[in-house]
Amino acid sequence: MMYVLMEQYAKPTLANSLQALEEKNLVVIVERVLKLSTTAVVIWLLMFYALFHAFLNALSEVLRFGDRTFYLAWWNSGNLATYWRLWNRPVYLFFKRHVYIPSVQRGMSPAICQLMVFLVSALLHEVLVGIPTHAITGFAFWGMFGQIPLIAATKALEKWRGKDSALGNTIFWITFCVVGQPTIALLYYYQWAATHKGMSPP
């Protein structure tokens, strides 16, 4: 299903965006990002289900692994900080155990420790995306590191509107899923196309 969505919808949209990116046609770029967002969200949700719900639970069954809390209800997150704590529990707990807590124990402030966690995570995101695409551009790094001001903004909104408000959750879905992911995909595709002119795209 993910392959069909990529080949049938995502790839043509990405390919049709190259000229607009070269000409810096903002209206067409925004239209392509919004067109790509639907496909990107569906692919991402399918990937999430396949990896976190199906594969990891099947692997746990085979290995008789008792703790199967791979994610919690991240889709209801009232702010970005809650989302990052809930959506990928194994990675969150790894960073908490090996980066955040040791840094706090050394006397660093929690805010600096949080910054360090996002810095390490942003570097890893850049490596994981940049190496396969042959493009260490910083897009994934800044996309991840840019979560910090969004966390501060959504926390302030949650404090202002209350925990029952859906405003922070709406901002999460718009910035992360509707705008963020398709924009990053578009930028990496453009970078790949510019670097490998004359070759068919992946």
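In this chain, numbering begins with 1 at the start of the sequence shown. These numbers come from the heavy atoms of this one structure, side chains and all, not from hydrogens, waters or symmetry mates. In this text, all values refer to a predicted model and were calculated from it rather than measured experimentally.
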Asks: What pairs meet the side-chain hydrogen bond (donor to acceptor under 3.5 Å, both in side chains) rule with one or both residues in residues 136-154, with sequence neighbours excluded?
Replies: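 As it turns out, the side-chain hydrogen bond (donor to acceptor under 3.5 Å, both in side chains) pairs with a partner in residues 136-154, which skip direct neighbours, are Trp84-Gln147.
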Asks: Taking side-chain hydrogen bond (donor to acceptor under 3.5 Å, both in side chains) as the test, write out the residues that go with His98, two or more places apart.
Replies: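 His98: no side-chain hydrogen bond (donor to acceptor under 3.5 Å, both in side chains) contacts found.
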Asks: Run the ring-ring contact (aromatic ring centres under 6.0 Å, His included) test against Tyr188 and tell me which residues pass, sequence neighbours left out.
Replies: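 So Tyr188 forms a ring-ring contact (aromatic ring centres under 6.0 Å, His included) with Phe139.
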Asks: Classify the side-chain pair Ser60/Asn57 by whether it contains a donor and acceptor separated by less than 3.5 Å.
Replies: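 Checked: Ser60/Asn57 side chains show no N/O donor-acceptor pair below 3.5 Å.
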Asks: Indicate yes or no for a side-chain donor-acceptor contact from Ser37 to the backbone of Leu34 under 3.5 Å, with no hydrogens or angles considered.
Replies: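 Yes: the side chain of Ser37 pairs with the backbone of Leu34.
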Asks: Under the salt bridge (Lys or Arg N to Asp or Glu O under 4.0 Å) rule, what pairs show up with a residue in residues 49-59, not counting sequence neighbours?
Replies: none
Asks: Any side-chain heavy atom of Tyr9 within less than 4.5 Å of one from Lys35?
Replies: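 Not in contact.
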Asks: Quick one: salt bridge (Lys or Arg N to Asp or Glu O under 4.0 Å) partners of Glu61, sequence neighbours excluded?
Replies: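 Salt bridge (Lys or Arg N to Asp or Glu O under 4.0 Å) list for Glu61, sorted by chain: Arg68.
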Asks: Please walk me through it: do Trp44 and Phe176 pass ring-ring contact (aromatic ring centres under 6.0 Å, His included)?
Replies: CA-CA 11 Å; Trp44 183 64; Phe176 192 75; 5.6 Å; yes
Asks: I'd like to check Phe141 versus His125 (side-chain heavy atoms, cut-off strictly below 4.5 Å). Are they in contact?
Replies: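 Sidechains of His125 and Phe141: no contact.
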Asks: Mind checking whether Trp87 and Phe52 have parallel, tilted or perpendicular rings, split at 30° and 60°?
Replies: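 Correct class here is tilted.
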Asks: Apply the hydrophobic cluster definition, ILVMFWY joined by side-chain contacts under 4.5 Å directly or through others, and give me every member besides Tyr92.
Replies: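 Traced through the cluster, Tyr92 reaches Leu93.
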